S.K.: 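Once you've had a glance at the structure underneath, I'll fire off some questions.
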Amino acid sequence: MATDAALDQQEFRKALATFTTGVTIITGMAPDGTPVGVTANSFNSVSLDPPLVLWSLAKSSRSLAAFDASPYWAVHILSADQDALSNRFAKSGADKFVDLPVETGAGGAPLLAGCAARLQCKTTFKYEGGDHIIFVGEVVGLDRSGVPPLVFHGGKYAVATAKTDALAFSDGAVYDAESSFTENFSGYLLARAHFQFYSQLRAHIEGAGLSDSEYFVLSVLIIKEGRSIASLNALFSYTGHAITPALVAQLAAKGLVRTDGAGVDALCYLTADGRTTTVRLIVAAKAVEADMMAKFGEWETVSLKNLLKQFILHTDPGLAHPWSA
Ligand SMILES: Cc1cc2nc3c(=O)[nH]c(=O)nc-3n(C[C@H](O)[C@H](O)[C@H](O)COP(=O)(O)O)c2cc1C
């Protein structure tokens, strides 16, 4: 381990880069009314009571004079999709605010939109910190959006995901992300997740006296009615469930669907009873989903849905889409 007094600059930077941070943009208003802003990952919390935070600004920064002269500044904790905004405010001198919608915060500091959180601050201390000035400020106002934050690690932008411990199944088997192929095979994981999740819905579907195929038909008719039996069948071809005139006749006999026409070209509509039954099932399905997602963090829920959408996109052989077909 290098402890030499003449520290290698490169090594120092590389060692610091292993420390993972969020990314902020600090904005302020110069006394002449010019807005200033810099990207900073030196931000940190200092004290809860009083509420104090700090950040440090390079003495070479063109914004230094403005931050030095005006006591108010706003910290924008950037959200995961604001890396372009971070880059914009990391370029020295350019007119960083062009075309950006801003509100006015305490002391005139511009407030940017779409952040994970914003803290409006008033300078309480300033310290010399080598080639930087350390600003300590009292937080006088804040807001928080709940969107996931942007992360900076090893000189690159990243996103944060929670680290999960090995998961134990009910039979005592332990799922370890690094273990054997079968347990870690995405096909197995997707299938098991689907069937376990769907079995909770099935209780409601069976409770309504319906088969899975019948439920599928109702669930897309509520999105759009007047679909032909052939188009319903095309929608569900990937599931292995056939939507046939006989199946639709069953739904009609139950008083849930009415048809117009004959054979696979017959157009299908929900009856009033069909609509009520479907809405009830959708409410139940959403409750099952909400129960499930409550066990996840907000960011994990967003990540899961994004990853599933990507999975669907990259494996889509060109299927019809229930919301557009
Ligand atoms: C992720 C990231 C973090 C940064 N953190 C800081 C910081 O904490 N302090 C600082 O002075 N500059 C930091 N910078 C560099 C400034 O954003 C950059 O020098 C800025 O352009 C200064 O603007 P100005 O000269 O117009 O004031 C960072 C840049 C990036 C990309």
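By convention here, the first residue in the shown sequence is residue 1. None of these values were measured; they are calculated from a predicted model. Counting starts at 1 for both ligands and their atoms, in listed order.
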S.K.: For atom 8 (O) of ligand 1, which protein heavy atom lies nearest, and how many Å away is it?
M.R.: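 Protein heavy atom at minimum distance: Ser42 OG, 2.6 Å.
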
S.K.: For atom 5 (N) of ligand 1, which candidate among Asn41, Val23, Ile133, Leu57 provides the closest heavy atom?
M.R.: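 Minimum heavy-atom distance to atom 5 (N) of ligand 1 goes to Asn41.
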
S.K.: Short N/O distance, under 3.5 Å, between Ser63 and ligand 1?
M.R.: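 Yes, there is a polar N/O contact under 3.5 Å.
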
S.K.: Which residue owns the protein heavy atom closest to atom 16 (C) of ligand 1, what's the atom, and how far is it?
M.R.: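 Of every protein heavy atom, Thr39 O, 3.5 Å lies nearest to atom 16 (C) of ligand 1.
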
S.K.: Less than 4.0 Å is my threshold; does some heavy atom of Trp55 fall inside it relative to ligand 1?
M.R.: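 No; Trp55 lies far enough from ligand 1 that no heavy-atom distance drops under 4.0 Å.
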
S.K.: Write out the residue and atom name of the closest protein heavy atom to atom 22 (C) of ligand 1, then the distance separating them to 0.1 Å.
M.R.: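 Answer for atom 22 (C) of ligand 1: Val38 CG1, 3.5 Å.
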
S.K.: Counting heavy atoms only, which of His132, Lys96, Lys156, Arg88 comes nearest to atom 24 (P) of ligand 1?
M.R.: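 The residue whose heavy atom sits nearest atom 24 (P) of ligand 1 is Lys96.
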
S.K.: Taking 4.0 angstrom as the limit and counting only heavy atoms of Phe152, give me the atoms of ligand 1 inside it, by number and element.
M.R.: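 That gives atoms 1 (C) of ligand 1.
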
S.K.: Please say yes or no: joined through hydrophobic side-chain contacts below 4.5 Å, possibly via intermediate residues, are Leu119 and Leu150 part of one cluster?
M.R.: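 Looking at the clustering, Leu150 is in a separate group from Leu119.
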
S.K.: Between Phe216 and Phe236, how do the two ring planes meet: parallel, tilted or perpendicular, split at 30° and 60°?
M.R.: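 The arrangement is parallel - the two ring planes meet at less than 30°.
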
S.K.: What are the atoms of ligand 1, with element, lying closer than 4.0 Å to any heavy atom of Lys91?
M.R.: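 Once the distances to Lys91 are compared, the set is 21 (O).
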
S.K.: Tell me which protein heavy atom sits closest to atom 25 (O) of ligand 1, plus the residue, atom name and distance to 0.1 Å.
M.R.: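 Here the closest protein heavy atom is Ser92 OG, 2.5 Å.
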
S.K.: Closest non-hydrogen protein atom to atom 21 (O) of ligand 1, residue and atom name please, with distance?
M.R.: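 Ranked first by proximity to atom 21 (O) of ligand 1 is Ala90 O, 2.8 Å.
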
S.K.: Applying a strict 4.0 Å limit to heavy atoms, is Ser86 in contact with ligand 1?
M.R.: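 No, Ser86 has no heavy atom closer than 4.0 Å to ligand 1.
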
S.K.: How are the rings of Trp73 and Phe135 set to each other: parallel, tilted or perpendicular (split at 30° and 60°)?
M.R.: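 The arrangement is perpendicular - the two ring planes meet at more than 60°.
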
S.K.: So, Arg258 and Glu225, do they make that salt bridge, N to O below 4.0 Å?
M.R.: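 So Arg258 does not pair with Glu225 through a salt bridge.
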
S.K.: Nearest to atom 10 (C) of ligand 1, what protein heavy atom do you find, and at what distance?
M.R.: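 It is Ser56 O, 3.8 Å.
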
